Every structure is written in C-alpha cells, then in structure tokens.
Engineer: 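Attaching a single structure in structure tokens format; questions to follow.
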Amino acid sequence: MDHFLYRDGQLMAEDVNIAEIAAQVGTPFYVYSTATLLRHFKLFDDALSGMDHLVCFAVKSLSNVAVLKLLGDAGAGMDVVSGGEYLRAKAAGVSGDKIVFSGIGKTREEMRLALEGGIRQFNVESEPEMEVLSQVALSLNTVAPITVRVNPDVDAKTHAKISTGKKEDKFGIPISRAREVYAMAAKLRGLKVIGIDVHIGSQLTELEPFRLAYRKVAELTEQLRSDGHDITRLDLGGGLGIPYARDNNAPPLPREYGALIKEEVGHLGCEIEIEPGRLISGNAGLLVAKVIYVKSGEDREFLIVDAAMNDLIRPAMYDAWHDIVPVIEPVAGVDQTPYDVVGPICESGDTFAKGRMLPPLDPDALVAFRSAGAYSAVMSSEYNSRPLIPEVLVNGDQFAVIRRRPTFEDMINRDTIPEWM
Ligand code: LLP
C-alpha cells in the first residue's frame with residue numbers, strides 16, 4: 001500500500017498535488033511519502049515484535065539524509081555498505097551502535113571510520129577481511145564486533161543480477177566452511193564474534209528460499225555454540241520483494257516473513273536483525289516526468305519523456321517493470337493505446353516500457369513511474385550530462401526539496417582544465 005492516489009482527478013502524494021510540486025520544482029523529480037516510509041518500517045518492526053530485534057534499513061536502496069533521519073527517528077537501525085553510506089547515516093543522527101557495516105570490499109579507511117565513529121557490528125565476508133579488520137581494530141586499541149556472512153547456497157529465485165546466496169555468487173563464505181572460519185576469527189584478538197549474517201538476494205517473491213537459508217543458519221548457530229562461540233545475534237539480511245505491477249500476485253507480507261523468522265530461529269534466543277531496503281522505500285516513491293514529444297514510428301508511437309535511464313536505470317539494467325500512470329486521472333472508459341515510453345538518451349536501451357497501454361497523452365502531460373523509491377535516485381548518473389534530479393519529501397499537506405537540482409554550472413565546474421592547456 002502507498003499514499004499516491006488520485007483525488008478529484010489529480011494524482012496526489014499524501015495531501016499534496018503532484019502537479020503542484022512539478023510547477024514549483026520542475027520535472028523530472030522523485031517524490032517520497034513520509035507516511036508510506038513509516039508505515040513500511042512499522043510493518044517490519046511489528047512483524048518481529050516479541051523478539052529482541054532491530055530493523056536496519058538498507059541505506060543503499062534510498063540514501064537521502066532526510067529519509068534516513070525520518071526512519072532513524074522512528075527507531076530504525078541502518079545497514080551500510082560504504083564509508084559514504086556510514087557518514088550519511090551519521091549525518092542523519094543515527095548513533096553508531098545502530099549501524100551495521102556490510103559489504104565484501106571494506107577498505108582499511110572505511111573500517112577505521114566506523115570503529116572511530118561507533119559501529120554495531122561488521123558483517124565480515126572473507127578471511128582476508130577478518131585479518132585486516134582485526135589489525136585495524138588493534139591499531140585503534142579496540143575490538144571490532146563481527147558476524148560472519150555465510151553463503152548458504154540457496155536459490156533465491158530472483159533476477160540473476162540480484163541473487164547473492166548461491167555458491168557461484170561473490171558473497172559470504174561457504175556455509176560448509178563456516179566452522180573453520182569461525183575458529184580462525186576467534187583467534188584474532190581484534191575481533192569479537194557475536195553472531196551470524198546471511199543475505200540471499202533481493203526482490204524475493206516467495207518465502208521458501210528464506211526458510212531454507214534461515215534453517216541452515218539455525219543449524220549453524222547450534223554447531224558454533226557447541227564449538228564454544230557465543231552466538232547472540234543473527235542478521236538475516238533483506239530481500240523481501242514488492243509488487244511492481246498493480247495486477248501482480250502480491251509477494252508475501254512482512255507479517256508472514258516475521259512469522260517465518262520466529263518459526264525458524266525464534267527458539268535460539270538470539271537478537272534478530274533484518275536489513276530490508278526495497279520493501280520500505282520502493283513503493284514510497286515516484287519518479288515524475290513530463291512528456292516532451294509524441295512521435296509516430298513506422299509501427300508504433302513513442303512517448304518521449306524528460307526522464308531517462310540515468311534517472312531510473314532499472315528497466316534498462318534488469319528489464320524491470322515500473323507501472324506508469326498519468327498525473328491527471330484518465331476519464332473512466334477512455335481508450336488506451338500502446339506506447340513505447342522512452343527517454344532522450346542516445347541509446348535504444350533508454351526505454352522504460354514497450355507497448356505500454358496508456359490513455360492518449362499530449363506534450364507537457366505529466367506521468368509518474370511508480371515504485372521508484374528504491375534503487376532509483378541512488379543508482380542515477382549524469383550520463384549525457386543530464387544533471388541529477390531533485391528529491392522531494394511529502395508529509396501530509398507539506399513538501400520539501402530534500403536534494404536540490406544542481407545547476408549546469410555545478411555540474412560543469414566539477415571538472416578542471418589542467419594548467420598546461
Ligand atoms: N542487505 C544486503 C547485504 C544487501 O546486499 C541488500 C541489497 C539488502 C540488504 C537490501 O535488499 P532489499 O531488501 O532492498 O531487497 N539494484 C537492484 C537491487 C540490488 C540489491 C543489492 N543488495 C535493483 O534495483 O533491483
């Protein structure tokens with residue numbers, strides 16, 4: 001559920017008219033709903049009630065500091081994967097003891113940053129990383145709390161580019177070698193082993209892969225305890241999928257996911273962490289664009305809009321579907337026609353949708369791409385020297401620009417011409 005609904009023929013973001021935002025900030029822009037973000041966070045928080053738990057928002061999905069502050073103030077922890085994300089979480093006022101550091105390629109500088117600024121735990125993904133982290137911690141006279149990310153070799157049944165829990169994927173250490181790796185970790189003086197981490201992929205639309213992975217983690221918890229390790233925390237990753245198409249079979253709900261967690265690992269008495277990103281932010285955002293031209297091809301109509309693959313790369317990168325809706329509500333029963341919805345970028349991959357059924361649209365009409373809260377702004381670029389576009393946050397009847405549109409000068413002046421020229 002989200003808070004982008006038509007009211008009196010106009011698409012609204014909560015109580016704000018989207019056409020009104022467009023008039024003030026120009027197009028294209030992203031708009032996020034406070035109510036939806038908070039609602040989705042709370043669904044997870046409630047789903048784990050009765051267990052000692054922390055819901056750590058996956059910052060990679062939507063990293064605007066205002067959004068992080070909103071969720072942090074609501075009680076969320078943060079899952080970060082870079083020094084930049086760590087500093088964003090800190091800038092949002094999240095305390096270090098609620099920030100989890102994930103990722104396979106943490107550098108010494110990133111480790112130092114987090115150890116100095118405070119960290120809940122590092123999710124370590126390899127033996128070399130363990131050794132380096134131990135050294136860095138000792139050099140700072142401290143001890144780094146860690147979990148080891150295990151790769152359970154489970155098929156998440158999602159898009160290959162976002163599956164992470166199969167043995168051919170680059171993530172984690174094979175679960176079959178976990179006991180020896182934990183034995184090694186226990187010997188490193190700069191580390192304190194506190195738990196186990198697992199994350200098998202993103203946009204999962206079934207619960208079964210989670211069940212298989214968590215069952216393996218539960219078994220491993222018991223083995224590691226019998227080996228003498230103090231396993232008190234399980235980080236179960238993110239990945240629960242969202243409905244991208246309105247007519248889709250909806251993926252399982254956080255409530256069902258929470259029940260599964262209780263069933264599979266509840267008896268272990270561990271503190272539970274999860275790292276959802278997309279389900280919290282995905283349907284809490286739209287990308288709003290304007291039609292520039294309607295062009296007739298030989299056998300099709302192209303709707304050329306002012307947003308492009310640099311603003312929303314998911315269709316080009318994963319063949320992802322995003323619902324597209326007009327900002328002015330179509331009259332009931334109006335004939336729809338198929339459009340290829342494309343951006344202005346000079347490659348054919350800059351196509352959002354082919355043969356998408358839409359009511360007739362004219363130049364200057366506004367359209368909204370739904371489910372653009374997650375992995376949209378964060379994956380944007382300036383390809384074709386298109387400046388990054390603004391992010392807007394709505395709260396009830398108010399809205400604020402939470403990242404302004406850079407000027408062309410901002411963009412161009414980042415380049416410097418060497419003196420010798
Ligand atoms: N934890 C870890 C360690 C992750 O790698 C990820 C996502 C998450 C949590 C959050 O997963 P979520 O709940 O959002 O599914 N750019 C792709 C998605 C990449 C996901 C990467 N890792 C897309 O647009 O579909």
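Position 1 is the first residue of the sequence; numbering continues from there. Every number for a ligand or one of its atoms is a count from 1 in the order of the listing. Keep in mind that the numbers below use all heavy atoms, side chains included, and drop hydrogens, waters and symmetry copies. Small disclaimer: the values here were computed from a predicted structure and weren't measured.
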Engineer: Taking Arg211 first and then Glu208, would you say they form a salt bridge - that is, a charged N and a carboxylate O separated by under 4.0 Å?
Structural biologist: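 Counted as a salt bridge, because a side-chain N and a carboxylate O are separated by less than 4.0 Å.
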Engineer: Quick one: do the Asp79 and Ser102 side chains pair a donor with an acceptor below 3.5 Å?
Structural biologist: yes
Engineer: Let me know which protein residues bring a heavy atom to under 4.0 Å of ligand 1; chain then number is fine for ordering.
Structural biologist: Ala58, Lys60, Asp79, Arg149, Ile162, His199, Ser202, Gln203, Gly238, Gly239, Glu275, Pro276, Gly277, Arg278, Arg314, Tyr318, Tyr375, Met379
Engineer: Quick check: are there more than 12 heavy atoms from other residues, nucleotides or ligands sitting under 6.0 Å from NZ of Lys42?
Structural biologist: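 At most 12 heavy atoms, drawn from other residues, nucleotides or ligands, come within 6.0 Å of this atom.
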Engineer: Considering the options Val392, Leu70, Val67, which one meets the side-chain contact (heavy atoms from CB on, under 4.5 Å) requirement together with Ile402?
Structural biologist: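 One option only clears the test, and that one is Val67.
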Engineer: Any chance CZ of Arg189 has more than 12 other-residue heavy atoms, nucleotides or ligands included, within less than 6.0 Å?
Structural biologist: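 Atom CZ in Arg189 is not crowded, with 12 or fewer foreign heavy atoms closer than 6.0 Å.
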Engineer: Before you tell me yes or no, could you show the steps for Asp235 and Arg120 under salt bridge (Lys or Arg N to Asp or Glu O under 4.0 Å), namely the whole-Å CA-CA distance, both residues' side-chain angles and the distance that decides it to 0.1 Å?
Structural biologist: CA-CA 12 Å; Asp235 182 332; Arg120 181 175 177 82; over 6 Å; no
